[in-house]
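Take a look at the structure set out below.
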There are 2 protein chains.
Amino acid sequence: MTTPKRRLPVMADVAREAGVSHQTVSRVLNDHPNVRADTRARVEAAITRLGYRRNLVARALVTKRSRTLGVVSFDTTLYGPASTIYGIEQAARTAGYFVSMVSLKTIDADSVRDAIDYLAEQGVDGVVVVAPQLSASRALESLPAGLPAVAVEGTQHEADVSVVCIDQSAGAKLATRHLLELGHETVWHVSGPPDWMETEGRLEGWRAALEEAGRPVPEPLTGDWSPRAGYEAGKSLASMDGVTAVFAGNDQMALGVLRALSELGVRVPEQISVVGFDDIPESEFFSPPLTTVRQDFDVVGRHCIEVLLRQIDVEASAYERLVVRPGFVVRSSTGPCP
Amino acid sequence: MTTPKRRLPVMADVAREAGVSHQTVSRVLNDHPNVRADTRARVEAAITRLGYRRNLVARALVTKRSRTLGVVSFDTTLYGPASTIYGIEQAARTAGYFVSMVSLKTIDADSVRDAIDYLAEQGVDGVVVVAPQLSASRALESLPAGLPAVAVEGTQHEADVSVVCIDQSAGAKLATRHLLELGHETVWHVSGPPDWMETEGRLEGWRAALEEAGRPVPEPLTGDWSPRAGYEAGKSLASMDGVTAVFAGNDQMALGVLRALSELGVRVPEQISVVGFDDIPESEFFSPPLTTVRQDFDVVGRHCIEVLLRQIDVEASAYERLVVRPGFVVRSSTGPCP
DNA sequence: CCGCAAGATGTGCTCGGTCATATGCCCCTC
DNA sequence: GAGGGGCATATGACCGAGCACATCTTGCGG
């Protein structure tokens with residue numbers, strides 16, 4: 001057992017123990033080539049003997065690199081953000097970076113700006129902003145000078161930052177066309193909350209797919225991503241005439257729709273077909289298993305880090321825009337028009 | 001527009017601008033009382049004029065406090081860990097702390113130890129380990145000297161660290177007794193994967209509740225928390241005789257069970273009752289809505305931070321053990337024994 | 001009107017690393 | 001055998017804050 005009050009060993013202690021200068025210790029730690037093999041061995045022995053760990057804070061002070069990335073996100077309890085962040089964290093750690101997190105509960109330009117400032121003060125080398133709302137994205141227009149940043153956005157919208165996004169519109173088209181191909185006259189939509197980029201992108205793709213097929217575009221129902229909102233929407237839809245196909249803005253709302261329809265005795269997919277968006281792990285086991293658009297959040301997370309590191313490492317690199325294409329999974333919640 | 005290459009202002013710049021010493025600037029920044037009001041105003045004006053931001057890295061070096069907490073977790077994509085971390089992050093930020101995250105994909109004592117070391121090197125003031133597996137918890141026995149730590153555990157198991165946990169056993173008893181009170185002769189259980197503390201706790205509570213009622217204890221089916229595992233278990237259960245009540249280890253597996261039963265034409269709750277564990281947001285909209293044990297992850301997160309900060313602030317505080325009691329939500333997936 | 005304590009402000013060192021540069025050494029070449 | 005180049009290592013400054021202590025002001029009592 002070590003004496004409790006003894007302070008942690010520092011580089012000078014290792015140097016003394018190994019009979020060299022602190023600079024040589026530094027060289028060994030940083031794999032500098034010009035160190036004789038036996039010296040290196042002596043230093044390494046001293047390091048393990050003392051249980052020395054380098055102080056990254058001191059190092060960050062002089063190198064001006066903290067090797068920490070900041071992540072600003074909104075409601076990390078949702079599957080999408082949670083998965084994206086997971087991907088980000090894995091990729092960052094693989095690249096030797098720490099991840100410092102801020103999850104917001106209210107999302108407006110000010111709180112996003114505050115969060116970024118907070119992280120900047122801490123000395124992060126760059127930030128990823130997972131803020132899928134239009135209002136929040138305005139915060140990206142006034143980044144602290146010289147802070148590398150990447151935004152995860154829901155839609156392709158020009159901006160002065162690098163962006164990684166999933167093509168929401170393409171996903172919505174996939175869903176809508178699938179339903180049209182099954183013979184449905186048109187497709188109803190339960191959208192996400194206004195102001196979200198995902199909502200806009202999905203609305204736009206859905207509308208475009210209907211229009212290009214020359215079909216009527218029904219008034220969309222507005223939800224808030226929650227199963228409850230889907231449930232309410234489902235009840236409305238069931239009471240309307242001629243509804244045979246529903247494209248829900250996400251899987252959770254699709255679950256709500258399914259629940260409402262089931263309660264009202266409407267059979268899926270025999271009477272109404274339902275498609276979701278996200279492909280959460282549960283959706284394969286809904287009743288019935290949900291046909292849905294697949295988003296690969298993991299890939300998004302990895303891309304974020306790639307783009308961000310490029311921006312950190314190469315001086316004045318251009319803004320990048322990376323669009324990930326969604327996939328489509330057909331299960332049992334969709335069928336031919338009755 | 002500022003000159004691109006100019007370095008960020010430091011305390012000395014502010015001091016010069018305000019015509020005071022750097023120490024006075026420091027006093028203003030730290031709300032030291034002994035500063036004349038007009039001096040303070042002059043310094044504050046200089047700060048905003050220069051857009052000065054204090055360098056927390058330098059500060060951490062001298063104070064030996066980074067005001068950053070580390071969080072080690074496993075699969076932050078799952079609802080439980082994600083919610084816990086969300087609670088932790090909120091509470092930490094409210095207390096003025098940053099949160100640095102590491103999420104593991106493999107969970108064994110070594111990777112947990114590595115993660116903790118990694119964070120310790122970065123200079124975190126304390127760590128929260130959300131590692132609900134027995135094997136991982138062994139890593140807590142050899143913490144870096146003097147590093148305050150809190151573990152989020154699934155069960156009450158003696159340890160040399162502070163622990164915040166939800167009483168899994170009590171939750172399982174709630175579920176089992178509820179089913180017994182409805183007149184079921186006994187209750188089958190689909191457990192989580194072995195080695196998880198939650199699994200152990202829930203198994204134990206379920207078994208205890210059955211035994212204290214003098215009922216037979218069927219062989220539990222083992223799952224892995226995934227809906228698919230629940231689905232497989234559900235198919236097995238449906239093929240067995242006399243199964244009228246099932247307690248699933250979590251809501252996702254309950255979903256799988258419901259799906260399997262529905263596919264096989266077994267009606268819930270008329271023929272078989274099902275209870276889950278967690279109360280994820282979706283479970284209210286399962287078919288049928290799921291009766292389940294409610295875990296308040298938010299509270300767990302907040303408690304973690306409270307306990308950890310206490311350990312950081314007060315010298316040599318004793319290990320604490322905080323047990324959060326679960327709740328129970330009755331919905332439509334349970335009914336009287338047929 | 002002086003003395004003294006409390007208040008306001010300044011000085012220099014420290015935290016634990018890295019960087020630039022200096023120094024010593026060996027070996028090779030002409 | 002002297003000069004020079006490259007390697008191994010040491011020395012000291014420096015990053016940007018805070019802390020302990022020194023110093024200068026002020027206000028108040030006697």
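Chain letters run A, B, ... following the sequence lines, proteins first and then strands; every chain starts at 1.
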Decide yes or no, distance alone: a donor-acceptor N/O pair under 3.5 angstrom between the base of [N] and the side-chain of [X].
X	N	answer
A/R36	D/dT9	no
B/R54	D/dG18	no
B/H32	C/dG7	no

What is the distance, rounded to the nearest whole Å, between atom [atom1] of [X] and atom [atom2] of [N]?
X	N	atom1	atom2	result
B/N34	D/dT26	CG	C1'	13 Å
A/L8	C/dG17	CG	C1'	14 Å
A/L29	C/dG16	CG	P	15 Å
A/H22	D/dG12	NE2	P	9 Å
A/E121	D/dG16	CD	P	15 Å
A/R65	C/dG17	CZ	C1'	17 Å
A/L56	C/dG16	CG	P	14 Å
B/Q23	D/dC21	CD	P	13 Å

Of the nucleotides [options], which has the atom closest to the [X] side chain?
X	options	result
B/L61	D/dT9, D/dC19, C/dG16	C/dG16
A/Y52	C/dT9, C/dG17, D/dG18	C/dG17
A/T24	D/dC21, C/dT11, D/dT9	D/dT9
B/A58	D/dA17, D/dG18, C/dC15	D/dA17

It should be established whether [X] places a side-chain nitrogen or oxygen under 4.0 Å from OP1 or OP2 of nucleotide [N].
X	N	result
A/S26	C/dC19	no
B/K64	D/dG18	no
B/S21	C/dT11	no

Base, sugar-phosphate, or nothing: which does [X] touch, judged by heavy atoms less than 4.0 Å apart?
X	result
A/V20	sugar-phosphate
A/V57	nothing
A/M11	base

- request: For the pair A/E89 and A/R93, find out whether any cationic side-chain nitrogen is under 4.0 Å from an anionic carboxylate oxygen.
  value: yes

Carboxylate-amine/guanidinium proximity below 4.0 Å for B/D108 and B/R138: no

- prompt: Do A/E153 and A/S137 get their side chains close enough for a donor-acceptor pair, meaning under 3.5 Å?
  reply: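 No - no donor-acceptor pair under 3.5 Å links their side chains.
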
message: Between A/Q122 and B/T68, is there a side-chain donor-acceptor contact under 3.5 Å, judged purely by atom types and distance?
response: yes

DNA chain C: 5'-proximal contact among A/R27 and B/G19 (nearest heavy atom):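 Counting from the 5' end, the first nearest nucleotide belongs to B/G19.
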
statement: Per nearest nucleotide of DNA chain C, the residue lying toward the 5' end, B/P33 or A/V10, is B/P33

query: Quick one: does A/S73's side chain have a donor or acceptor within less than 3.5 Å of a partner on A/S103's backbone?
result: no

task: Could you label the plane-to-plane angle of the B/F297 and B/Y79 rings as parallel, tilted or perpendicular, counting under 30° as parallel and over 60° as perpendicular?
output: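 B/F297 vs B/Y79 ring planes: perpendicular.
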
